[in-house]
Amino acid sequence: MKSEPDTFSISDLYKKSNQIEHWDGVRNYQARNMMRDAMKLGDQVFFYHSNCAVPGIVGIMEVVKEGYPDFSAFDPDDPHFDAKSDPAHPRWMMVDVKYVKTLCRIITLQELKGYPELADMALIRRGNRLSIMPVSPYQWAFILAIG
DNA sequence: GCCAACGTTGGC
DNA sequence: GCCAACGTTGGC
């Protein structure tokens, strides 16, 4: 899962009470579908810092609540407000994630691009701007091992 | 700040 | 349903 550290970084998650945050504001159908259908309780997730000086994987978190309506879409004062989503027919979903650990170093996008083993990763493929992407068990183990 | 790559919107 | 215009993402 990507987040811009200027907006919400892994240390912001660390500082949350219970170290839990709801992953609101995602307004992309593919990403929503993953939170709605694919992400299950206890699933581990990489935290990726995007749109910053050194983009890359910075830590690990865990799904502690499965997909449910993103209430930030209902609030006209919220920057992620969407009039087409209402509580009766919520369009956008989110999950809750909990801090697990911060990696000892940033595994940078530049480094990730260098491994043939990761060539199939959605993150690596050119032009992929999804904010939530799948990681295969092999890719997960590989990245943990180089971290 | 630039710009390529996407996703969304809306006229037709 | 097509597709041009537009907005956004995010690396660089």
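Source: prediction; values computed, not measured. Proteins get letters first, then strands, A, B, ... in listed order; numbering begins at 1 in each.
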So ring pair (Phe, Tyr, Trp, His ring centres under 6.0 Å) across residues 100-133 of chain A, not counting sequence neighbours, yields A:Tyr115-A:Phe142
Rounded to the nearest 0.5 Å, the CD1 atom of A:Ile60 sits from the OH atom of A:Tyr99 at a distance of 9.5 Å
When the rotation axes relating C1' atoms of four end pairs to the next four are compared across the helix from B:dG1-C:dC12 to B:dC12-C:dG1, five pairs an end, they differ to 10° by 10°
side-chain hydrogen bond (donor to acceptor under 3.5 Å, both in side chains) pairs touching residues 133-147 of chain A, sequence neighbours excluded, are A:Ser136-A:Gln139
side-chain hydrogen bond (donor to acceptor under 3.5 Å, both in side chains) pairs touching residues 53-71 of chain A, sequence neighbours excluded, are A:Arg27-A:Asp70, A:Tyr68-A:Asp96, A:Asp70-A:Ser72
task: Evaluate the ring planes of A:His22 and A:Phe71, with Trp represented by its six-membered ring, and classify them as parallel (under 30°), tilted (30 to 60°) or perpendicular (over 60°).
output: tilted
In B/S/- notation (B base, S sugar-phosphate only, - none; protein heavy atoms under 4.0 Å), nucleotides 2-10 of chain C written 5' to 3' is -----BBBB
The residue, A:Gly127 or A:Lys84, whose nearest nucleotide of DNA chain B is more 5′ is A:Gly127
### Query
Do A:Arg91 and A:Tyr29 get their side chains close enough for a donor-acceptor pair, meaning under 3.5 Å?
yes
Hydrophobic cluster membership, with links at side-chain heavy-atom distances under 4.5 Å among I/L/V/M/F/W/Y: are A:Ile124 and A:Val135 in one? yes
The complete set of salt bridge (charged side-chain N to carboxylate O under 4.0 Å, His left out) pairs with one or both residues in residues 3-25 of chain A, sequence neighbours excluded, reads A:Lys16-A:Glu21
